[in-house]
J.: 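Supplied in structure tokens, the structure appears directly below.
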Amino acid sequence: MKILYSPASPYSAKVRMAAHYCALPCDSVLVNTGENPEILINHNPLGKIPTLIDDDGTVVFDSRAIMQFLDRKGGKKLYPRNAAKRTEAEVLEALSDGVTDCLLAMMYERRFRPDEKVHQPWLDSQWSKVERGLDHLNENLPRTTKNLNGGHFALAAMIGYLALRFDGKWERGRPKLKSWPNKFVKFFPEYDAFKSAG
Ligand SMILES: N[C@@H](CCC(=O)N[C@@H](CS)C(=O)NCC(=O)O)C(=O)O
């Protein structure tokens, strides 16, 4: 199994952590999405990472579909069996990914538009979604034990991306969220090796 990824990509960090947690052997293949490499666009017309290529040729994207695939392939370790708990884990994943979507949209607005075309009100509206999401997470952190789930990995990936790209801009007033990785790392000591890195 291969996962096409880049070191800064938060969704790639999420699925790579999850594959490791499920003890599914996989090669991480570094790609630069900006260059539309053949291995990426031949498997995923969207040219986005993460993209998973299984040994039998099955291709899976996006990260949410990859998580469900890993869960099925890895003995259902990634999402709780109990329906209410599973919904909770999936919604935590959706919120964490959703905050990450806003952060990435802000990065792309600044990176791909000339300065005079960067639209500040749109950046502000993305940031207000981020702020509401982070406040909610700070007050509603998941129970974190050795039984981790997809929600935990999405949250860890989101915080890793915040630390990489928004350091010093999100922590104030959110001490529980800021220190949550200290708890997570007790049960997933490999966090530093997987989280977004520039
Ligand atoms: N919803 C997708 C988002 C994937 C995504 O946007 N990945 C970024 C990197 S973190 C990417 O591939 N960007 C390149 C592009 O959009 O062309 C997922 O969960 O996998």
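Counting starts at 1 for both ligands and their atoms, in listed order. Note that this is a predicted model, so its numbers are computed, not measured.
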J.: Could you tell me whether the side chain of D71 and the main chain of Y79 form a donor-acceptor pair under 3.5 Å?
T.: yes
J.: Which residue owns the protein heavy atom closest to atom 12 (O) of ligand 1, what's the atom, and how far is it?
T.: I49 N, 2.9 Å
J.: Check N138 against G173 and note the closest heavy-atom contact, atom names and distance.
T.: ND2-O, 3.7 Å
J.: Relative to atom 9 (C) of ligand 1, which among Y108, F112, Y161 owns the nearest non-hydrogen atom?
T.: Y108
J.: Select the closest option to atom 18 (C) of ligand 1 among L104, V15, L103, D62, judged by heavy-atom distance.
T.: D62
J.: Would you mind telling me which of I159, L103, V130 makes a side-chain contact (heavy atoms from CB on, under 4.5 Å) with W170?
T.: I159
J.: Among all protein heavy atoms, pick the one closest to atom 17 (O) of ligand 1 and tell me residue, atom and distance.
T.: G47 O, 4.1 Å
J.: Between E90 and R64 (salt bridge meaning N to carboxylate O under 4.0 Å), is one present in this structure?
T.: no
J.: Would you check the N or O atoms of R64, main chain and side chain alike, for any that come under 3.5 Å of an N or O of ligand 1?
T.: no
J.: Classify the ring geometry of F194 against F188: parallel below 30°, tilted from 30° to 60°, perpendicular beyond 60°.
T.: tilted
J.: Find all atoms of ligand 1 within a distance of less than 4.0 Å from any non-hydrogen atom belonging to P10, and give their numbers and elements.
T.: 10 (S)
J.: Compute the shortest N/O to N/O distance between P50 and ligand 1 and return yes if it is under 3.5 Å, no if not.
T.: no
J.: Examine distances only and state if a side-chain atom of D27 and a backbone atom of K2 form a donor-acceptor pair shorter than 3.5 Å.
T.: no
J.: Give the residue, atom name and distance (to 0.1 Å) of the protein heavy atom nearest atom 10 (S) of ligand 1.
T.: S9 OG, 3.2 Å
J.: Quick one: which of M107, K48, K14 has a heavy atom closest to atom 15 (C) of ligand 1?
T.: K48
J.: Are any of the N/O atoms in S63 less than 3.5 Å from those in ligand 1?
T.: yes
J.: Closest approach of P50 and I66, non-hydrogen atoms and distance?
T.: O-CD1, 3.6 Å
